[in-house]
K.L.:
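Structure incoming, see below.
Nothing fancy with the numbering, it's 1 onward along the sequence.
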Amino acid sequence: MSHKDTDQTVDIDALKAQVEADIAARLVMEADSAQQIHRRGFRIGELKVLVSLDATSEVSGIPAIFRLPGAPAGIIGLVNSHGRVMPVVDLSMLFGMPQKRATTAWLLTCGRGDGAIGLIIDSLPERKKFAQDDEVSLSEIEHPIATHARAAYREGRDIWIDVDFEDLFTAVLQVGETEV
């Protein structure tokens, strides 16, 4: 094989143009993504709930729940999750929603470590994406969970409520400083 057969001609200008086009396309995608609101969405009965993508850590079947006599409404008990005991909250009970449980309910772990709290949900979480124009005023939301919401977004006929679960769980579990 001669030296002439192995030489390839590279059009540097064409290569530069392709790289520049790829970078421009990536920048457009990143700019579009930055204008979108990305959340994880799931259902609890008819309620459509959103959380930030990093607020949850695990979804599992519902393990044995150890009841807590005298616990506030909505706190249905404790579960052992990876050797840690965590409270489990049922928002449908907490807010007096009709008990239309899905045939398969799930336990969504919110948070990590000793601060984790289990939440009974009726659908597996899915990624949701909303534009700023999809935002709905919280004053339009009649559900009492709206007092613990950051925002709400319309998707077709559905309204998804972006819940501040830290605020909600603090209120429900009455966690925090108490006067002695």
K.L.:
Please name the pair of heavy atoms, one in L108 and one in P125, separated by the smallest distance, quoted to 0.1 Å.
P.N.:
CD1-CG, 4.0 Å
K.L.:
Under a plain distance cut-off of 3.5 Å, with no hydrogens placed, do H148 and D164 share a side-chain donor-acceptor pair?
P.N.:
no
K.L.:
Could you check whether any side-chain heavy atom of S60 comes within less than 4.5 Å of a side-chain heavy atom of W106, counting everything from C-beta outward?
P.N.:
no
K.L.:
Parallel, tilted or perpendicular, judged at 30° and 60°: which one describes the rings of H143 and F95?
P.N.:
perpendicular
K.L.:
Just verifying a value: how many Å separate L168 CG and I117 CD1, rounded to the nearest 0.5 Å?
P.N.:
8.5 Å
K.L.:
What pair of heavy atoms forms the shortest contact from D54 to S52, and how long is it?
P.N.:
OD1-OG, 2.9 Å
K.L.:
Among the clusters formed by ILVMFWY side chains lying less than 4.5 Å apart, do L53 and L124 turn up in the same one?
P.N.:
no
K.L.:
Does some side-chain heavy atom of H82 sit less than 4.5 Å from a side-chain heavy atom of E58?
P.N.:
yes
K.L.:
With heavy-atom distances below 4.5 Å as the criterion, would you say the side chains of H38 and R127 are in contact?
P.N.:
yes
K.L.:
Specify the closest pair of heavy atoms between I141 and A146, including all atoms of both residues, with the distance to one decimal.
P.N.:
CG2-CB, 3.6 Å
K.L.:
Report the residues that fulfil salt bridge (charged side-chain N to carboxylate O under 4.0 Å, His left out) with E126, sequence neighbours left out, ordered by chain and then residue number.
P.N.:
K128
K.L.:
Would you check if D134 and E155 make a side-chain contact, meaning some heavy-atom pair closer than 4.5 Å?
P.N.:
no
K.L.:
If two hydrophobic side chains count as joined below 4.5 Å and joins carry through other members, does L138 share a cluster with V49?
P.N.:
yes
K.L.:
How close do R150 and V163 get, heavy atom to heavy atom, and via which atoms?
P.N.:
NH1-O, 3.5 Å
K.L.:
Quick one, T109 with M86, criterion side-chain contact (heavy atoms from CB on, under 4.5 Å). Give me CA distance, side-chain angles, the key distance, then yes/no.
P.N.:
CA-CA 9 Å; T109 301; M86 79 176 165; 3.4 Å; yes
K.L.:
Distance check, rounded to the nearest 0.5 Å: I120 atom CD1 versus I62 atom CD1?
P.N.:
3.5 Å
K.L.:
Please assess R67 against I75 for the test side-chain contact (heavy atoms from CB on, under 4.5 Å), listing each intermediate value before the final yes or no.
P.N.:
CA-CA 9 Å; R67 304 282 175 213; I75 301 174; over 6 Å; no
K.L.:
I'd like to know if F66 and V88 are part of one continuous hydrophobic network [Ile/Leu/Val/Met/Phe/Trp/Tyr, side-chain heavy atoms within less than 4.5 Å].
P.N.:
no
K.L.:
Given 3.5 Å as the limit, does a donor-acceptor pair link the side chain of S123 with the main chain of F42, or not?
P.N.:
no
K.L.:
List the steps, then state whether side-chain contact (heavy atoms from CB on, under 4.5 Å) holds for R39 with D162.
P.N.:
CA-CA 8 Å; R39 297 288 185 269; D162 189 0; 2.7 Å; yes
K.L.:
Could you walk me through whether I65 and L78 pass side-chain contact (heavy atoms from CB on, under 4.5 Å), step by step?
P.N.:
CA-CA 6 Å; I65 298 176; L78 302 172; over 6 Å; no
K.L.:
If I compare all heavy atoms of G118 with all of L107, which pair ends up nearest, and what's the gap?
P.N.:
CA-CD1, 3.7 Å
K.L.:
With side-chain contact (heavy atoms from CB on, under 4.5 Å) as the test, pick out the partner of W160 among L50, I37, L47.
P.N.:
L50
K.L.:
Would you say L91 and L119 make side-chain contact, with heavy atoms under 4.5 Å?
P.N.:
yes
K.L.:
If you take all heavy atoms of I44 and S92, which pair is closest and at what distance?
P.N.:
CG2-N, 4.1 Å
K.L.:
Nearest 0.5 angstrom please: T147 OG1 to D167 CG, how far?
P.N.:
7.5 Å
